[in-house]
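Within every chain, numbering begins at 1; the chains are lettered A, B, ... in the order of the sequence lines, protein sequences first and strands thereafter.
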Amino acid sequence: IDGPMTASELRRSGILSSFTILRKLEGGILPLGFMKKVDDKKIKDGMNALIVEHSERALLNCLMNKLCKLDTDVLVGHNISGFDLDVLLHRSQACKVPSGVWSRIGRLKRSMMPKLTKGTTLYGSGASPGIMSCIAGRLLCDTYLCSRDLLKEASYSLTELSRTQLNKNREEIAPHDIPAKFQSSESLLQLIDCGETDAWLSLELMFHLSILPLTRQLTNISGNLWGKTMQGARAQRVEYLLLHAFHAKKYIVPDKSIGTSKSSIATKKRLASADVENRNDLHTDEHTEQVKSKKGPAYAGGLVLEPKKGLYDKFVLLLDFNSLYPSIIQEYNLCFTTIERSLDGLPSCLPSSTITGVLPELLKNLVERRKMVKSWLKTASGLKAQQFDIQQQALKLTANSLYGCLGFTNSRFYAKPIAELITSQGRDILQSTVDLVQNVLNLEVIYGDTDSIMIYSGLDDITKARIMAAKVIQEVNKKYRRLEIDLDGIYKRMLLLKKKKYAAVKVQFKDGKPYEVIERKGLDIVRRDWSLLAKESGEMCLCQILSGGSCDDVVETIHSYLMKVQQDMRNGEIELEKYVIRKTLTKSPEEYPDGRNQAHVQVALRMKQSGFSTGCSAGDTISYVICCVQGAISNSGGIAERARHPDELKTNNGNWIIDIEYYLSQQIHPVVSRLCAFIQGTDPARLADCLGLDASKFQHKTFESISNDPSSVLASVLDADDRYHGCEPLRLTCQSCSSSFDCPPILTFFSTSRDSTAMDFENNKETNNDFWRRFCCPRCPEDTEGSKITSAMIANQVKRQAENLISLYYKGIMICDDEMCKHTTRSLNLCVLGDSERGTVCPNYPQCNGHLRKQYTEAEVYKQLSYFCHIFDAKHCIEKLDSNRRVLFEKELKRIYPMINLAFATAQKIRDRCSYGWVQLNDLSVSV
DNA sequence: CTGGTAGGGGAAGACT
DNA sequence: AGTCTTCCCCTAC
């Protein structure tokens, strides 16, 4: 129990034995010749026994007697507390197994069966107190509950854990398939084998995760009960830890309030404060703010910096404070014994006491012990090393869980003021660290969350980046006694999308050699509640984006991948499993007030209705797919109505089919377009197009991104002059004299003549509007051969200039905004595309403090293309005129229209394509 | 009864 | 028809 047990040790013969007890089904018989097979198996398996009993009662009797005879110390099973024990005891009750027999499941003899069910079936609650009391004297190790505590996995089913942790395949047998297994000897033996394998897998998982040694260490540190540690019960561990610590210092601790009604809590608290009269008593929160219902956050937590979003392709430094909250408690001597209580509900002040409080001393002790163990660990090997490692883990876990219990309403040591003070100090520390790094060290902080900051180094050289990190660490650590910041990682490339959502290529070292791993945080692709299909698409895009390939290649690869996915989906080549979405029920499905709108609730309710007893109650994860009725024109109804369990689809003769459109537009598209938000050369509309969706539905997002960009103007509210301020004029070239001139907007034709008579503009040959009258090169003498500008010429030149512009945009030239620097660079590899508020740091840094900005932004390209449209937008001009003038120009327009219609259409086509997102040059096939 | 808060994002309904 | 609010789930720290 002191160290982990390896799989090879586990299998050494003679060490471990097993037995299986089997009975025939009610009203059924065992397969012919089965007993013969059992005898064969007995010989083959040696000490692994197979016992056949004639009834359920006999089976239970046999099992209980076996357990008694073995006098087992630990009962191990996957979800044993949530299922197996419950079944065994309920069936013992139902089969009238004598109390002297069923109580052998524990070490305490009992005569009455306790109440097995509990009031509320809560999420991950494990066994009821009644059940737990039955196994008194033995430890219960539920590998399901323990895995949930110790691992971060998408699924905690035995099948998944066997695969991810033990690298073994586990065969799943659905409960309703079990009766069929009794029909032949072969299948029955296979069933027995599966049952035994499951038991072994659970045991192996326990050893693999070192559950026994770890929980033993945790229990030794806190001084609580081992069995409770194994049930999770982190709050209780901290409670015991503090009880011991305060008791040792001769403090009186508060009673634990266990009432549910407000009045009983208040009474208890009054009693508690009456008991303790000196001011060394502990904080109790007099404001019994609705402890039960809803419970929003009771106090402010960690600070999350607004990220400077974008793709960074030079080194990013990740620095974080080592166990921030425990360090704060020590740094500022925060304790029940040191903090002045504020009566007015205002936040407490930092203590001035010079006497070290109980909590800081306790933590100091834990930290020192951990340091010591870690030093032993360095020279130890084998089992000793493993023990030390587990011990240091336990010490760290204990130190880190203290804060949580200070803020936990039902904790005996609930102390909102202290918890609040801790987090508030944490926020101050993070903010002042950011200020130091940005204002004193002049480095760019791009993000930070609670205890970490990320610094964009702007460096290509990892050695220089390390030096930079060392400098920052040195400067920050100067400021604190116990608090310590450290380098937690160096990212070679990083995509920063939102708060708590980013991915990065982390550079790590093994034996001095660097290697890269991709870290993904918070993104849709790490969440269970997206379909595998969407996550795989997102994963592919992310890998491309972080690959360091050229912008064109990345965009091209993503686009073609999406088109392939769409094709595969429509051809039915994607397996059902990839469409499955998983969500956990946090309540019983009936308890949802508005369950009608929730897919997983609806599916769970239907499962219950069709006779499932497990897998559809609180805490269970529900799998579903979104469907539509085959042949239906529109998908009416909410998502919840169209959600089906994958098995429902297999058995309903194809009435319901996968809703491909839903998966394209609501699963793949949002996931992918969020990842590509900062990638040049694509946008939501373009991605939608690749997926075969109506791109115009995503157009507003393009506009949104444009209007959010402060560099763009709010085009709609401005007059034409202002609106197109800064736009390149449309240059027309005369074929005769090869000189070029600016094509004036047609608006000038109307506006300059607004207050002039027809006579005036007859004589006005040098003005802009002369062009719109004559359609001739202004440089060439009148009526020169070839000086006439034709309709096709205008259209062609519009097209050419628009293409040039777009091509310039795609070159992605970045220019430094520092007037003195004006450094220009071509972003060959998806160059850093900073937040719109602030570009990325100039490569000339630190000589130059400017930031790179795109020379041509999407907004500017769009504005320019709109200007080209505006030049020819005669209809718009006419509409602005009053009826008198309108008549005057109708005649002129009849002449002008044929000349400009083609150019106008051309300009519009290009602009609209651009706004839809397909600004790829090869797509610009305008027929002229 | 069985640590904490911050935050994104889907879905639906109320509101303007 | 868009915006806001609410609930729900899952994640980061």
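One finds the OG1 atom of A:T584 at 8.5 Å from the CD1 atom of A:I622 (value rounded to the nearest 0.5 Å).
Looking at every heavy atom in both residues, A:H600 comes nearest to A:Y592 through NE2-OH, 3.9 Å. The two residues A:I418 and A:C335 come nearest to each other via the heavy atoms CD1-C, 3.9 Å.
One interatomic measurement links the two molecules: CG of A:D488 to C1' of C:dA12, which rounds to 13 Å at whole-angstrom precision. Following rounding to the nearest Å, A:R148 (CZ) and B:dT2 (P) show an atom-to-atom distance of 13 Å. Atom CE in A:M454 sits about 7 Å away from atom P in C:dC13, given to the nearest Å. Nucleotide C:dC10 holds its P atom 5 Å from the CZ atom of A:R528, rounded to whole Å. Atom CD1 of A:I639 and atom P of B:dG9 are 18 Å apart (whole Å). As a whole-Å value, the separation of A:Y414 OH from B:dT2 P is 14 Å. Rounded to whole angstrom, the span from the OH atom of A:Y624 across to the P atom of B:dG10 amounts to 12 Å. Rounded to an integer number of Å, the gap from A:I525 CD1 to B:dG9 P is 14 Å.
At least one side-chain nitrogen or oxygen of A:T586 sits closer than 4.0 Å to the OP1 or OP2 atom of C:dC9. Put simply, A:K583 has no side-chain N or O that comes within less than 4.0 Å of OP1 or OP2 on B:dG10. The phosphate of B:dC1 has neither OP1 nor OP2 within less than 4.0 Å of any side-chain N or O from A:K256. For C:dC8, neither phosphate oxygen OP1 nor OP2 lies less than 4.0 angstrom from any side-chain nitrogen or oxygen of A:H600. The phosphate of B:dG13 has OP1 or OP2 within less than 4.0 Å of a side-chain N or O from A:R596.
Of the candidates B:dG13, C:dC9, C:dA12, the closest approach to any side-chain atom of A:Y592 belongs to C:dC9. Across B:dG10, C:dA12, C:dC9, the shortest atom-to-atom separation from the side chain of A:V526 is found for C:dA12. Considering only the side chain of A:R674, B:dG10 comes nearest among B:dA12, C:dC10, B:dG10. The side chain of A:Q598 has C:dC8 as its nearest neighbour among C:dC8, B:dC1, C:dC13. With C:dC10, B:dT2, B:dG13 as the choices, the nucleotide that has an atom nearest any side-chain atom of A:D529 turns out to be C:dC10.
For A:N224, the side chain to side chain donor-acceptor pair (under 3.5 Å) partners are A:T229, not counting sequence neighbours. For A:Y491, the ring pair (Phe, Tyr, Trp, His ring centres under 6.0 Å) test picks out no residue, with sequence neighbours left out. For A:F321, there are no ring pair (Phe, Tyr, Trp, His ring centres under 6.0 Å) partners two or more places apart in sequence or in a different chain. With sequence neighbours left out, the salt bridge (Lys or Arg N to Asp or Glu O under 4.0 Å) criterion links A:R674 to A:D524. Remark: A:H78 engages A:Y144 in a ring pair (Phe, Tyr, Trp, His ring centres under 6.0 Å) (not counting sequence neighbours).
Side-chain contact of A:E153 with A:T164: a donor-acceptor pair under 3.5 Å is present, judged by distance alone.
Across all strands shown, A:Y502 has heavy atoms under 4.0 Å from sugar-phosphate atoms exclusively, and none from any base. Residue A:D594 is out of contact with every strand shown, counting any heavy-atom pair closer than 4.0 Å. Residue contacts for A:Y662: at a heavy-atom cut-off of 4.0 Å it reaches the sugar-phosphate backbone alone, with no base atom in range. Using a 4.0 Å heavy-atom criterion, one finds that A:V238 contacts no nucleic acid atom at all.
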Donor-acceptor pairs under 3.5 angstrom involving side-chain atoms of residues 446-454 of chain A: please list them, not counting sequence neighbours.
{"from": "A:Y447", "atom 1": "OH", "to": "A:K500", "atom 2": "N", "distance (Å)": "2.7"}
{"from": "A:D449", "atom 1": "OD1", "to": "A:K500", "atom 2": "NZ", "distance (Å)": "3.4"}
{"from": "A:D449", "atom 1": "OD2", "to": "A:K500", "atom 2": "NZ", "distance (Å)": "2.8"}
{"from": "A:S452", "atom 1": "OG", "to": "A:D449", "atom 2": "N", "distance (Å)": "3.4"}
{"from": "A:S452", "atom 1": "OG", "to": "A:D449", "atom 2": "O", "distance (Å)": "3.4"}

Counting only pairs under 3.5 Å, give me each side-chain donor-acceptor contact of residues 395-408 of chain A, with atom names and distances, residues two or more places apart or in other chains.
{"from": "A:T398", "atom 1": "OG1", "to": "A:A394", "atom 2": "O", "distance (Å)": "2.7"}
{"from": "A:S401", "atom 1": "OG", "to": "A:L397", "atom 2": "O", "distance (Å)": "3.1"}
{"from": "A:S401", "atom 1": "OG", "to": "A:T398", "atom 2": "O", "distance (Å)": "3.1"}
{"from": "A:Y403", "atom 1": "OH", "to": "A:Y299", "atom 2": "OH", "distance (Å)": "2.8"}

At a cut-off of 3.5 Å, list every protein nitrogen or oxygen paired with a nitrogen or oxygen from nucleotides 3-7 of chain B, distance to 0.1 Å.
{"from": "B:dG3", "atom 1": "OP2", "to": "A:A235", "atom 2": "N", "distance (Å)": "3.3"}
{"from": "B:dG3", "atom 1": "O6", "to": "A:R234", "atom 2": "NH1", "distance (Å)": "3.1"}
{"from": "B:dG3", "atom 1": "N1", "to": "A:R234", "atom 2": "NH1", "distance (Å)": "3.2"}
{"from": "B:dG3", "atom 1": "N1", "to": "A:R234", "atom 2": "NH2", "distance (Å)": "3.1"}
{"from": "B:dG3", "atom 1": "N2", "to": "A:R234", "atom 2": "NH2", "distance (Å)": "3.2"}
{"from": "B:dT5", "atom 1": "OP1", "to": "A:A298", "atom 2": "N", "distance (Å)": "2.8"}
{"from": "B:dT5", "atom 1": "O3'", "to": "A:Y299", "atom 2": "O", "distance (Å)": "3.3"}
{"from": "B:dT5", "atom 1": "O3'", "to": "A:G301", "atom 2": "N", "distance (Å)": "2.6"}
{"from": "B:dA6", "atom 1": "OP1", "to": "A:G301", "atom 2": "N", "distance (Å)": "2.9"}
{"from": "B:dG7", "atom 1": "OP1", "to": "A:K499", "atom 2": "NZ", "distance (Å)": "3.0"}

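Where the helix from B:dG4-C:dC13 to B:dT16-C:dA1 starts and where it ends, the local axes point in directions that differ by 30°; five pairs per end, rounded to 10°.
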